[in-house]
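Notes for the one structure printed next.
Worth knowing before you read on, the calculation uses all heavy atoms, side chains too, and leaves out hydrogens, waters and symmetry mates.
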Amino acid sequence: MAKNERFEKVYSQGGLNVTEIWVDKETGVNYVYHMSGNTGGMTALLDREGKPVISPILN
């Protein structure tokens, strides 16, 4: 992976139905991506209180 890429995939499961978690390396915000067949979508990953999950930013 190139050092200048903003997003990093930190989790992946599935084969035909894929669920992944991506982290924005500039903000620490986590996003969940789900793909089933040729359709997919991405949204911010939220905690129980409805706030975005934020990972520590490592330089």
Side-chain angles (χ1 to χ4, degrees):
M1 173 171 33
K3 291 185 180 185
N4 61 349
E5 290 182 3
R6 181 168 178 163
F7 293 91
E8 178 179 2
K9 181 171 48 171
V10 296
Y11 177 81
S12 181
Q13 78 175 31
L16 201 51
N17 293 311
V18 177
T19 301
E20 299 174 340
I21 297 177
W22 290 79
V23 176
D24 182 333
K25 295 191 292 187
E26 291 185 17
T27 65
V29 175
N30 287 240
Y31 295 88
V32 63
Y33 171 73
H34 183 77
M35 180 181 69
S36 180
N38 64 352
T39 303
M42 178 179 261
T43 189
L45 183 62
L46 305 177
D47 65 14
R48 287 182 172 199
E49 297 174 358
K51 298 178 182 177
V53 174
I54 300 176
S55 297
I57 299 172
L58 304 174
N59 292 335

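Every residue meeting the side-chain contact (heavy atoms from CB on, under 4.5 Å) condition with Tyr11, not counting sequence neighbours, appears here in chain and number order: Gln13, Ile21. Residues forming a side-chain hydrogen bond (donor to acceptor under 3.5 Å, both in side chains) with Asn17 (at least two apart in sequence, or on another chain): Ser36. Residues passing the salt bridge (charged side-chain N to carboxylate O under 4.0 Å, His left out) test with Arg48: none are found, sequence neighbours excluded.
Closest of all the heavy-atom pairs between Pro52 and Val29 is CB-CG1, 4.4 Å. Looking at every heavy atom in both residues, His34 comes nearest to Thr19 through ND1-OG1, 2.8 Å. Here the closest non-hydrogen pair linking Val23 and Ser55 is CG2-OG, 4.1 Å. Across all their heavy atoms, Glu5 and Lys25 have their closest contact at O-CE, 2.6 Å.
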Requested in this report: For Thr27 and Ile54, run side-chain contact (heavy atoms from CB on, under 4.5 Å): C-alpha distance rounded to whole Å, both residues' side-chain angles, the deciding distance at 0.1 Å, then the answer.
Outcome: CA-CA 8 Å; Thr27 65; Ile54 300 176; over 6 Å; no

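The cluster map of Ile, Leu, Val, Met, Phe, Trp and Tyr, joined by side-chain heavy atoms under 4.5 Å apart, puts Tyr33 and Val10 in different clusters. Follow the hydrophobic side-chain contacts under 4.5 Å out from Val32 and you never reach Leu46; the two are in separate clusters.
Separating the CZ atom in Phe7 from the CG atom in Asn30 is a distance of 11.0 Å, to the nearest 0.5 Å.
A salt bridge links Arg6 with Glu26: the closest approach of a Lys/Arg side-chain nitrogen to an acidic carboxylate oxygen falls below 4.0 angstrom.
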